[in-house]
Colleague: 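Take this structure, written in structure tokens, and hold onto it; I'll ask about it next.
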Amino acid sequence: MNKRYIVALDQGTTSSRAVVFTPEGSIVSSAALEFKQHYPQPGWVEHDPDDILSTQVESLRAAVRRAGISPSEIAAVGITNQRETTILWEKDGGRPVHRAIVWQCRRTADYVDRLKAAGHTDAIRAKTGLVPDAYFSGTKLQWLLDKLDLRERARRGELCFGTVDSFLAWHLVKGHPHVTDATNAGRTMLFNLSTQQWDEELLRMMDIPREVLPTVVDTARIIGMLDEDVLGAPIPVASLVGDQHAALFGQACIQTGMTKNTYGTGCFMLMNIGSEFRLSEAGLLTTMAWRLDGKPTYAFEGSVFMGGATIQWLRDEMKLIATAADSEPMARSVPTSGDCYLVPAFTGLGAPYWDMYARGTLVGMTRGTGAAHIVRAALESIAYQSADLLEAMGRDAGCRPPALRVDGGASANGFLMQFQADIMDLPINRPAVLETTALGAALLAGLAAGVYPDVESTARGWHVDSVFEPQMAPQDREKAVAGWRRAVRAALCWAGEK
Ligand code: ADP
């Protein structure tokens, strides 16, 4: 029987999804299951690894059932995942020793403070491309080894550490390979992006025994066969890839300079910067784009904390709209924001401002300012923040992308996308398949399994649906951006004066 389909497992923070694709990149079917979030203390977030595993297997079975295909028609399975989330399990039997510590969890903030106080910031940055933070896996693993008193067992090789890709691969692939890919390894704060090895000095800093770590493999590579218990057929599992990296590949950003922005709760922008590891001057992260045939491709990564979340705030706190989609007609109901600017620095401002104390600011209101102006200013703020990121990236990378490729929930907003094109003075390309994370994992798996002969062929799975061309006059853009800069100064000023 013909192997006509590729399946992506997309293990996210709130749900596990599975998507069946054709080799041309069209979706045949999908299924998703949510699972429980655990908040044992303020600032702590955990998942039950058994929930992750069972929802992932069930959604895979449901998607294949819905597609009405036989498992023997599946050429490959790819796995993409929430990044940095940390799991430790017993090599004998696979039982997790603790719940997964989720990327959002702040429990190791004091571990990170100690690393910084000991003067390790520059070394960590130079080796990993990351700014030391509790977000990354290293200190989460250190916490587990400390608090559960497991370092000796880890040293004896009785335990396996992994991010979610690694945990799924161990459980779903025949023979229990203990592996992770370079994109996921790159988010642990233990992996040297230049040497592509676990780094001895970083392991010492966080007191991590090497025996506990997975083998780091290429992003597209057959790591083994799906256990027959899962679908009843042995299918190659052929990619492991962190979600943002998968989206970059799914957006076919395969050449240097190509950039994607995901407009979700926050916005995640990644720019492909090619085969040379570089640090950003603007405080952006350097991360793996992917590693293929042993050759790394790097990316700059920046995020906007309040993206679609700004629209949730309009809906849930300000009660200015009933649904997120209502923001579009409301913004269009006024010709401009009336010189009103919202800086949604509710949790501080990230790159390129890096001010954790900045706070939300609404400036420029007059007696005539109405709800529609504020809604419009909120949507515009997502575009301004993304434009700031792109400018910083372009400066650091020494290039500007030919266009910005977009996805994520808020990319459905046509007003926002047009304003984004106007403010960046760059075409915005929204693809037909917005499930770029799943698509990226599927394309990478197809590449490893020989469905595609080369990387360029995978890019044929990307099709543009809507193009937003910049239309704003240059002097209007300059005036608008200058107003945004002044508004940001007001937000920073509020933070500065105690
Ligand atoms: P996540 O993966 O972070 O949960 P999604 O990609 O599902 O995010 O996008 C959801 C976000 O997009 C929400 O914050 C929501 O407010 C925003 N959003 C959804 N639809 C629209 C829209 N039409 N206009 C503006 N924002 C939207």
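Treat the numbers as computed from the prediction; the structure is a model and nothing was measured. Note: hydrogens, waters and symmetry copies are ignored here, and every other heavy atom, side chains too, is used. Numbering of ligands and ligand atoms starts at 1, following listing order. In this chain, numbering begins with 1 at the start of the sequence shown.
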Colleague: Verify, without hydrogens or angle tests, whether D218 (side chain) and A220 (backbone) share a donor-acceptor contact under 3.5 angstrom.
Modeller: no
Colleague: Which side chain to side chain donor-acceptor pair (under 3.5 Å) pairs, counting each pair once, include a residue from residues 256-267, with sequence neighbours left out?
Modeller: Q244-K260, K260-T262, N261-Y263, N261-S386, T262-D407, Y263-Q420
Colleague: Output all residues satisfying side chain to side chain contact (heavy atoms under 4.5 Å, CB included) with H47, sequence neighbours left out; order by chain, then residue number.
Modeller: T13, F35, Q37, I52, Q82, A100, V102
Colleague: Do the side chains of S26 and V433 get nearer than 4.5 Å, heavy atoms only?
Modeller: no
Colleague: Establish, yes or no, whether a centroid distance under 6.0 Å links the rings of F249 and W290.
Modeller: yes
Colleague: Run through ligand 1 for me and note each protein residue having a heavy atom under 4.0 Å from it, chain first, then residue number.
Modeller: G264, T265, G308, A309, I311, Q312, A324, A325, S327, G408, G409, A410, N413
Colleague: Salt bridge (charged side-chain N to carboxylate O under 4.0 Å, His left out): which pairs involve residues 5-23, sequence neighbours left out?
Modeller: R17-E435
